[in-house]
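Below: the structure, in structure tokens.
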Amino acid sequence: MAGNVTATKTASEARLYTIGEVSRLADLKAFVLRYWESEFPMLQPTKDDAGRRVYRQEEVDMVFRIKRLLYDEGFTIAGARRHLREKPGSADFENPAGGISASHAEEKAQLLSRKMLLDLRDTLRAFLTLLERQ
């Protein structure tokens, strides 16, 4: 039937996001996204005919990965950049059999240890500040 609309999208119909939309989705300021573009070579949105940045879904996913590494896991920008270069597909941790791979479990344990150490460091700094005031 000629009137049916297909559910699949072609490459030309893929969803594009403006920097403002990505900013709202990721809860980040637009200047942070522009800065990350200069620091992370894998984050390179294209520009539309009017010269505005447009992000594909892969780039939006990369923004969320960068944000998680920097804000949740305590990586520095250089460390996050190195991590993304060494493990470009690290967002997909599950093996084809449906379980979590051993290397992923080890990586999660290391990240948890890193997070715990960062939390401990912050707590110790807070205690030190309290002691210095007395």
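Numbers here are sequence positions counted from 1. Just so it is clear, the values below take in all heavy atoms, side chains as well, and ignore hydrogens, waters and symmetry mates.
T18 places no side-chain N or O within donor-acceptor distance of the main-chain N or O of V54, the cut-off being under 3.5 Å. Between the side chain of E86 and the main chain of H83, no donor-acceptor pair closer than 3.5 Å is present. No donor-acceptor pair under 3.5 Å is formed between the side chain of K29 and the backbone N or O of S23. Put simply, the side chain of Q44 gets close to the backbone of E37: a donor and an acceptor are under 3.5 Å apart.
Nearest heavy-atom pair, L16 versus E21, reported as atom, atom and distance to 0.1 Å: O-OE1, 3.9 Å.
If you take CZ on R56 and CG on D61, they are separated by 10.5 Å, rounding to the nearest 0.5 Å. Interatomic distance, M42 CE to R85 CZ, rounded to the nearest 0.5 Å: 5.5 Å. With rounding to the nearest 0.5 angstrom, the OH atom of Y71 is 10.5 Å from the CD1 atom of I66. A distance of 13.0 Å separates CH2 of W36 from CZ of R81, quoted to the nearest 0.5 Å.
Contacts of R24 classified as side-chain hydrogen bond (donor to acceptor under 3.5 Å, both in side chains), with partners at least two apart in sequence or in another chain: none. Checked against side-chain contact (heavy atoms from CB on, under 4.5 Å), K47 has the following partners two or more places apart in sequence or in another chain: R53.
Look at D48 and R52 and you find a salt bridge, because one of the NZ, NE, NH1 or NH2 atoms lies within 4.0 Å of a carboxylate O, short of that distance.
The environment of D27 atom CG is sparse: at most 12 non-hydrogen atoms of other residues, nucleotides or ligands sit within 6.0 angstrom. Crowding of R121 atom CZ: a count of heavy atoms from other residues, nucleotides or ligands under 6.0 Å exceeding 12.
F31 is connected to I19 through a chain of hydrophobic side-chain contacts under 4.5 Å among Ile, Leu, Val, Met, Phe, Trp and Tyr, so both are in one cluster.
Among L25, T46, L33, the single residue meeting the side chain to side chain contact (heavy atoms under 4.5 Å, CB included) criterion with Y55 is L33.
Judged purely by distance below 3.5 Å, without hydrogens or angles, the side chains of Q57 and Y17 pair a donor atom with an acceptor atom.
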